[in-house]
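Only one structure is covered here, and it is reproduced in the block below.
Values in this document were obtained by computation on a predicted structure and should not be read as measured data.
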Protein chains: 2
Amino acid sequence: MPTISDVAKEANVSVATVSRVLNNHSSVRPETYERVHKAIEKLSFEPNMSARNLRRNETRVILIVTPNITNPYYAHILTGIGDRAREYGYSALIYNTAGNEAREKEALEMLKKKKADGAILLACNVNSIWIREYADKYPIVHCSEYIPDLDIPRVSVDNYKATQDVMEYIIELGHKRIATISSSNNYISTHLRLKGYKDTLKKHDIEVNNDYIVLADDEYSFKSGKAAAYKLLDQKIRPTAIFCISDTIALGAITAAKELGLQVPKDLTVVGFDDVDDTTKFHPYITTVAQPCYELGEESFKILYDCINDTKDMNKEVILSHKFVVRESSAPFVKRYHEKV
Amino acid sequence: MPTISDVAKEANVSVATVSRVLNNHSSVRPETYERVHKAIEKLSFEPNMSARNLRRNETRVILIVTPNITNPYYAHILTGIGDRAREYGYSALIYNTAGNEAREKEALEMLKKKKADGAILLACNVNSIWIREYADKYPIVHCSEYIPDLDIPRVSVDNYKATQDVMEYIIELGHKRIATISSSNNYISTHLRLKGYKDTLKKHDIEVNNDYIVLADDEYSFKSGKAAAYKLLDQKIRPTAIFCISDTIALGAITAAKELGLQVPKDLTVVGFDDVDDTTKFHPYITTVAQPCYELGEESFKILYDCINDTKDMNKEVILSHKFVVRESSAPFVKRYHEKV
DNA sequence: TTCAACAATGTAATCCATTACATATAAAGT
DNA sequence: ACTTTATATGTAATGGATTACATTGTTGAA
């Protein structure tokens with residue numbers, strides 16, 4: 001491996017000049033610049049990152065704190081982060097926390113220990129305000145989930161608006177008995193989706209029925225989605241539509257409906273959220289809100305990069321647009337002879 | 001951030017001694033060792049990795065070359081690698097290649113440029129012998145796929161044996177008309193599974209029928225699995241069992257069967273491979289071969305680590321054991337009135 | 001013409017941990 | 001008692017890039 005001083009010799013200049021060329025300093029004469037570049041290419045020189053990092057006091061490593069990359073939603077985001085990071089010469093330290101706060105803290109301690117230049121947090125409870133003390137000192141970006149009122153840079157979709165879209169659509173279809181399967185977790189998205197659900201009902205003068213709000217588990221597991229749907233469908237007056245806050249839950253709901261002899265969408269409309277890969281693996285394909293996961297990842301890296309480099313006028317909050325996609329699991333409400341309402 | 005010389009001062013020794021303590025050199029007196037350790041703890045000193053890496057000429061970065069982390073199979077492996085890597089102070093550079101050879105080469109060029117200490121390749125065509133020239137010079141480990149005859153260290157399951165297990169089971173159930181959905185890709189696992197399929201049939205004096213061997217696409221997509229199943233089930237003499245080389249394909253096959261009015265497993269036995277998350281999301285739950293993905297990942301990191309550190313007597317080939325799990329998609333063959341055979 | 005101001009480049013210190021080599025002290029051998 | 005050997009620790013060079021400061025050369029103003 002050639003070093004900067006090999007290049008300097010080759011180009012007949014000092015190492016300082018080579019370094020200036022490398023870092024695009026203005027004070028280098030164009031012809032010198034040219035000469036150095038030729039030397040660099042001739043020797044196919046690549047600056048030694050350890051040396052540069054040592055001198056610049058950076059690591060070129062970013063931390064990705066995620067509950068679980070095995071979840072395709074996070075995997076897509078991770079791909080976006082990874083592609084952009086690589087492009088900028090960063091590598092990733094992936095911390096799987098399984099939602100465990102102790103491990104989240106352990107992860108962020110890496111920043112203190114200077115093992116990473118910054119962190120992207122993929123899932124974060126609204127009450128984790130302890131993150132502030134890290135965010136005050138180190139570059140941290142929230143991706144998709146965030147903590148309200150703590151103005152930590154973030155990128156996400158507009159969960160409230162997306163839910164409104166869903167609910168307006170379901171109401172438009174003529175449904176009145178609309179339930180939701182939310183989650184026991186404490187994510188901002190969960191809160192916003194629930195609020196969107198309630199607010200839109202109220203807006204249309206439909207009473208919010210607490211029996212129609214049931215919770216799946218923290219990780220939106222298929223199983224818990226199915227169980228939640230059972231709770232809804234076992235009621236005397238069944239809902240005719242269910243808004244699920246994730247596709248996996250929606251899948252669970254559809255399975256539950258089938259087991260109860262209900263046809264989706266004929267007897268029950270089911271809408272999901274996220275649009276991960278499973279939505280079109282089985283009929284009925286799920287009507288859902290598509291999130292731009294890859295772009296969420298890309299964007300969070302960009303913001304983190306700006307944070308690390310103290311870019312002026314950087315974006316502190318990026319909202320990417322979602323897309324509501326109507327597929328097969330939703331249909332107009334039809335009053336049937338046995339219906340009481 | 002305290003440095004090694006701060007520690008030296010605090011402990012009243014030279015930096016060399018501190019360094020010796022840090023690296024567990026034998027020649028340090030126990031009481032000195034103790035004193036230095038106290039100083040380290042008092043200042044909560046952490047060695048600066050850039051400086052260490054510069055001096056030691058290493059990066060502490062490993063390359064993970066994968067077609068697509070979005071695939072849960074790879075995601076699980078990645079989690080295993082990641083957890084182990086972090087433990088040893090390595091971070092990961094994830095290269096998504098989408099199976100593109102140019103991008104695979106681009107990835108391995110990082111080794112030449114000293115941007116990573118070694119690489120783990122997650123999917124690799126059997127004919128990619130160009131990898132040898134990198135493997136000769138740099139630490140490279142194959143995980144789950146590999147190139148035969150090129151003795152590059154690797155970890156995988158015994159695909160041939162696993163397929164034998166599956167086939168023996170299906171034959172045991174009384175099936176004679178057994179088809180397989182393989183893939184157009186060029187992975188060693190694909191070849192071995194096909195060979196296992198054929199060999200076991202022959203062993204039981206069942207003729208190999210080429211009409212019963214159809215291919216899904218390279219990525220085992222659901223869609224292509226479904227299409228392949230249609231090809232099998234449209235034949236005059238239908239198979240009564242299908243061995244699919246992936247669960248997603250199996251899922252596709254089950255969907256195709258349903259669409260054709262066949263019940264799984266009553267009318268058709270379907271067996272998958274991998275045991276990723278989807279296998280128990282829908283009934284019938286899929287009978288499949290469970291791969292220890294996380295452990296495959298862990299093990300590959302360990303081997304790579306040994307390669308990087310020239311460990312003597314390291315394992316060059318690790319075969320982890322698979323587990324054949326019988327669930328709902330397989331059942332004994334029952335001769336029906338309309339059956340010709 | 002002379003000096004200030006600036007442009008272009010060079011010299012050397014710096015980042016921090018590692019390690020070859022040097023030194024000092026103690027234990028062992030004759 | 002005196003050299004030899006081993007043990008424990010220190011000094012200083014090293015890895016490669018960056019950058020404050022120094023130097024040289026050039027241009028323009030007075």
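Among the nucleotides dT19(D), dT9(D), dG15(D), the one closest to any side-chain atom of R55(B) is dG15(D).
Residue contacts for N57(A): at a heavy-atom cut-off of 4.0 Å it reaches no nucleic acid atom on any strand shown. Among the heavy atoms of the strands lying under 4.0 Å from T3(A) are primed sugar atoms or P, OP1, OP2 only; no base atom is included. T17(A) comes within 4.0 angstrom of the backbone, heavy atoms only, and of no base. No engagement by V18(A) is indicated, since no non-hydrogen atom pair under 4.0 Å with the nucleic acid exists. Looking at heavy-atom distances under 4.0 Å, R56(B) makes contact with sugar-phosphate atoms alone, never a base. Heavy atoms of T32(B) sit under 4.0 angstrom from primed sugar atoms or phosphate atoms, though from no base atom. At a threshold of 4.0 angstrom between heavy atoms, the contacts of Y33(A) with the nucleic acid are absent.
The residue from V7(B), V21(B), V18(B) that alone fulfils the side chain to side chain contact (heavy atoms under 4.5 Å, CB included) condition with V13(B) is V18(B).
For the helix from dT1(C)-dA30(D) to dT30(C)-dA1(D), the terminal axes (five pairs an end, C1' atoms, rotation from four pairs onto the next four) enclose an angle of 50°, given to 10 degrees.
Nearest-nucleotide positions on DNA chain C for N23(B) and S26(A) put S26(A) closer to the 5' end. Each of V13(B) and F45(A) has a nearest nucleotide on DNA chain D; the 5'-most of these lies closest to V13(B).
Ring geometry for Y134(A) against Y138(A) counts as tilted: the plane angle lies between 30° and 60°, on a 0 to 90° scale.
Residues L296(A) and Y73(A) are in side-chain contact: their nearest non-hydrogen atoms beyond the backbone lie under 4.5 Å apart.
For E87(A) and R84(A), the salt-bridge test passes: some basic side-chain N is under 4.0 Å from an acidic carboxylate O.
Side-chain N/O atoms of T59(B) and D117(B) include a donor and acceptor closer than 3.5 Å.
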Practice problem: Could you walk me through whether I308(B) and Y90(B) pass the side-chain contact (heavy atoms from CB on, under 4.5 Å) test, one step at a time? | Solution: CA-CA 12 Å; I308(B) 291 171; Y90(B) 282 78; 4.0 Å; yes

